[in-house]
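Notes follow the structure.
Quantities reported herein were computed from a predicted structural model and do not represent experimental measurements. First listed ligand is number 1; within each ligand, the first listed atom is number 1.
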Amino acid sequence: MGDIVETKPVLYSYWRSSCSWRVRIALNLKEIPYDIKAVSLIKGGGEQHCNEYREVNPMEQVPSLCIDGHTLVESLNIMHYLEETRPNQRPLMPQDCFKRAKVREICEVISAGIQPLQNLIVLIYVGEEKKKEWAQHWITRGFRAVEKLLSACAGKYCVGDEITLADCCLVPQVFNARRFHVDLRPFPIILRIDRELENHPAFRAAHPSSQPDCPPEVAK
Ligand SMILES: O=C(O)/C=C\C(=O)CC(=O)CC(=O)O
């Protein structure tokens, strides 16, 4: 007793949650080993709403990460914490201030301007009949902005030629766009970056179909 036991980080995650997926990519890129505690967003109306999980995450959403003796919520916050505490384990932010701003800009357009509008709780509120059109509308609108921003800052990846937090946000959002049958042809830069990253080991391991809670009929 009294010894500090270094425990493996625990990520509360759902296989198809794009926000959980962002954090999984960042953890993988930084080669931080972690365990997954699966939270089903659909089983019994959603395990994220149970009393026990609300103690972990008062927003009743995934992801949450227990790391370094702390519990953190909100995917971008978690990714920035990983970056600030482990800056030398595969940096995910550029050195240059302007490039850093561009990374945060793309992260924010996706994490504040697109994903929340097509989040499960919003789609439930919008209703079964309208939800597909709704999601398509907001993803298309946001992707127009992302494509325009990328036309000025993309290299091999979203900002220059190094993988950054912007790429961690983009790839899962492209998956959601496909899920809602968004026409992606007007977004050639987004498609090119997504293709560039689809076979990257850190991205592959974070993919929904590689998750322990992915239903077997969906897993490859
Ligand atoms: O239908 C489901 O399986 C339930 C939830 C999700 O996929 C995740 C989301 O709510 C959207 C998102 O991650 O952006």
Show the short N or O contacts, below 3.5 Å, that ligand 1 makes with protein N or O atoms; if there are none, say 'none'.
residue, atom, partner, partner atom, Å
ligand 1, 1 (O), Arg16, NH2, 3.1
ligand 1, 1 (O), Arg179, NH2, 2.6
ligand 1, 3 (O), Tyr14, OH, 2.7
ligand 1, 3 (O), Arg16, NE, 3.1
ligand 1, 3 (O), Arg16, NH2, 2.8
ligand 1, 7 (O), Arg179, NH1, 2.7
ligand 1, 7 (O), Arg179, NH2, 3.4
ligand 1, 10 (O), Asn119, OD1, 3.2
ligand 1, 10 (O), Leu120, N, 3.1
ligand 1, 13 (O), Ser18, N, 2.7
ligand 1, 13 (O), Ser18, OG, 3.1
ligand 1, 14 (O), Ser18, OG, 2.9
ligand 1, 14 (O), Gln115, NE2, 2.8
ligand 1, 14 (O), Gln118, NE2, 2.8
ligand 1, 14 (O), Asn176, ND2, 2.8

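Side chain of Trp134 to main chain of Leu117: a donor-acceptor pair is present (N/O by atom type, distance under 3.5 Å, no hydrogens or angles).
Applying the side chain to side chain donor-acceptor pair (under 3.5 Å) criterion to Asn199, with sequence neighbours excluded, gives no partner residue. Applying the side chain to side chain contact (heavy atoms under 4.5 Å, CB included) rule to Lys30 yields the partners Ile32, Leu82, Glu83, Arg86, Gln89, Leu92; only residues at least two apart in sequence or on another chain are considered. Under the side chain to side chain contact (heavy atoms under 4.5 Å, CB included) criterion, Glu47 pairs with Val39, Ser40, Lys43, sequence neighbours left out.
Taking a cutoff of 4.0 Å between a charged side-chain nitrogen and a carboxylate oxygen, Glu128 and Lys131 qualify as a salt bridge.
To the nearest 0.5 angstrom, Ser210 atom OG is 8.5 Å from Arg24 atom CZ.
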